[in-house]
Amino acid sequence: MLRLTIVTLFLGTLLTTASMAQQRAAPPQATAQLRQVASFDHQVTGVTVSKEGRIFVNFPRWTEDAPVSVAEVTRDGQIKPYPDGEWNSWRNAKKDQISAGDHFVCVQSVVADAQGNLWVVDPAAPATAPVVQGGPKLVRIDLKTNKVAQVIRFDEAVAPQGSYLNDMRFSPDGRHAYLTDAGAKGALVVVDLQNGKARRVLEGHPSTQPEKDVVVKTDGQELRRPDGRGVEFAADSIALSPDGRTLYWKALTGRTLYRITTDALENPRLPGKDLEARVERVGETEPTDGLWVDGRGRLYLSAIEQDAVKVHDGDRITTLVQDKRLRWPDTFSEGPDGTIYVTSSRIQDMSWFKPANGPRLETQLWRIEPGVGGEAIGSVGQPQRP
């Protein structure tokens, strides 16, 4: 019998079918507002807020040789390289002169854990192209000392050519990390943070692959490159229940949300077929990039086609905020006071799809200010118990 949390039960009831959800959906009216925290000269993807309220962001090397990969956002909205300039000194043009193992090559996500660390996932695949040898890694930075304390390097068994490690979540006890791979052959990666061992699981499983009938649309049109290629990313969105017992994920180019119990993921002796049998289909949503489950068990989704953030709460779906400035809501984080933060990475405006825009994009970090009833505020209380 699988152990299910209250949030799991909420989502299972809520997302059984898309039609049921739509029948119960609240009117698409924004009940909250965006407030800009910072604006960046380069394309941002990830954001995280530590328990002390420090804000960190990252800039992947997708269309330009970004000058900073990981940064802390200061109180006046400026950025400073983190943990220092040396870790941020990699440049594509100096690929053969700078070691990939101890520099940020192409950072996709940053997450602060409950133990006082900042974790950085580096898929080391600039432009989502070939993986730089020796570059894929998970880096732990001690937020007290602001120094790198651990580097877990991934070999080709975990991060093969064609992979693009995307986002991550951490068990509440700090023992395990769970990552999505949005690359050529989607998968999940499970990392034992105590011994640094990583395993690639569910590779090629339907739950981690793009759905062939899904075409991402933005501004009312199919999002395609000049040569006709559309958006095709595998397992991307990821969220963890407050008690850490249930992991959720879905492909960006997909509508189906999946889940599995983390005790199954963490068992290295569980055969692959048995692990696959533990995967549960939760229901249908829409193409999303970021997912977040707050302390009250509410599921936040980045509605990339609608410049919006939606919330699934019990059997209700509400549009929390919809704003044309929120172009491609990308990654969520929750501050110590429960405030929800979100980046807008403007993927639909990239030169991949609009060559005239050039390689550099100005992007933003937002926080969601509560509307009537405080709808934008998460919960930072104790995790819910089954």
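Numbers here simply count residues along the sequence, with the first being 1. Atoms considered below: every heavy atom in the structure, side chains included; atoms not considered: hydrogens, waters and symmetry mates.
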Below 4.0 angstrom, N of the basic side chain to O of the carboxylate: do [X] and [Y] qualify?
{"X": "Asp219", "Y": "Lys217", "answer": "no"}
{"X": "Asp274", "Y": "Arg278", "answer": "no"}
{"X": "Asp227", "Y": "Arg225", "answer": "no"}
{"X": "Glu64", "Y": "Arg360", "answer": "no"}
{"X": "Glu211", "Y": "Arg255", "answer": "no"}
{"X": "Lys137", "Y": "Asp122", "answer": "yes"}
{"X": "Arg224", "Y": "Glu222", "answer": "yes"}

- Step by step, would you call Arg91 with Asp65 a salt bridge (charged side-chain N to carboxylate O under 4.0 Å, His left out)? CA-CA 6 Å; Arg91 297 294 182 271; Asp65 202 0; 5.2 Å; no
- Note on the structure: Residue pairs passing the ring-ring contact (aromatic ring centres under 6.0 Å, His included) test with at least one member in residues 166-201, sequence neighbours excluded, are Trp119-Phe170
Counting N and O atoms only, with roles assigned by atom type, does the side chain of [X] sit under 3.5 Å from a partner on the main chain of [Y], one being a donor and the other an acceptor?
{"X": "Asp113", "Y": "Gly116", "answer": "yes"}
{"X": "Asp84", "Y": "Trp87", "answer": "yes"}
{"X": "Asp313", "Y": "Arg316", "answer": "no"}
{"X": "Ser39", "Y": "Gln364", "answer": "no"}
{"X": "Asp307", "Y": "Gln322", "answer": "no"}

Can a side-chain donor-acceptor contact be found between [Y] and [X] if the only test is distance below 3.5 angstrom?
{"X": "Trp90", "Y": "Ser69", "result": "no"}
{"X": "His103", "Y": "Glu86", "result": "yes"}
{"X": "Asp236", "Y": "Asn166", "result": "yes"}
{"X": "Glu286", "Y": "Gln306", "result": "yes"}
{"X": "Glu284", "Y": "Thr256", "result": "yes"}
{"X": "Thr331", "Y": "Asp289", "result": "no"}
{"X": "Glu232", "Y": "Thr253", "result": "no"}
{"X": "Glu334", "Y": "Trp292", "result": "yes"}
{"X": "Lys250", "Y": "Thr288", "result": "yes"}

- Task: Determine whether the aromatic ring centres of Tyr258 and Tyr248 lie less than 6.0 Å apart.
- Result: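 No.
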- Task: Compute the ring centroids of Phe40 and Phe59, then answer whether they are less than 6.0 Å apart.
- Result: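 Ring-ring flag for Phe40/Phe59: true, centres closer than 6.0 Å.
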- Can you check whether Val37 reaches Ile55 side chain to side chain, under 4.5 Å on heavy atoms? yes
- Would you say the side chain of Pro329 lies within less than 4.5 Å of the side chain of Ser344, judging by non-hydrogen atoms? no
- Query: Among pairs that include at least one residue of residues 187-205, which meet salt bridge (Lys or Arg N to Asp or Glu O under 4.0 Å), considering only residues two or more places apart or in two chains?
  - Reply: Asp181-Arg200, Arg200-Glu203
- Distance, nearest 0.5 Å, that separates OG1 of Thr343 from CG of Asp330: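 Between atom OG1 of Thr343 and atom CG of Asp330 there are 4.0 Å.
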- Rounded distance [0.5 Å steps], CD1 in Ile340 versus CG in Leu320: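 With rounding to 0.5 Å, CD1 (Ile340) is 8.5 Å from CG (Leu320).
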- Search all heavy atoms of Pro336 against all heavy atoms of Val49 and return the closest pair with its distance.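 Looking at all heavy atoms of both residues, the shortest contact is CD-CG1, 3.8 Å.
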- Within 45° of the axis and under 6.0 Å from the centre of the six-membered ring of Trp328, does NZ or CZ of Arg346 qualify? no
- Could you go through the side chain to side chain contact (heavy atoms under 4.5 Å, CB included) check for Val120 and Phe104 one step at a time? CA-CA 9 Å; Val120 180; Phe104 297 136; 3.8 Å; yes
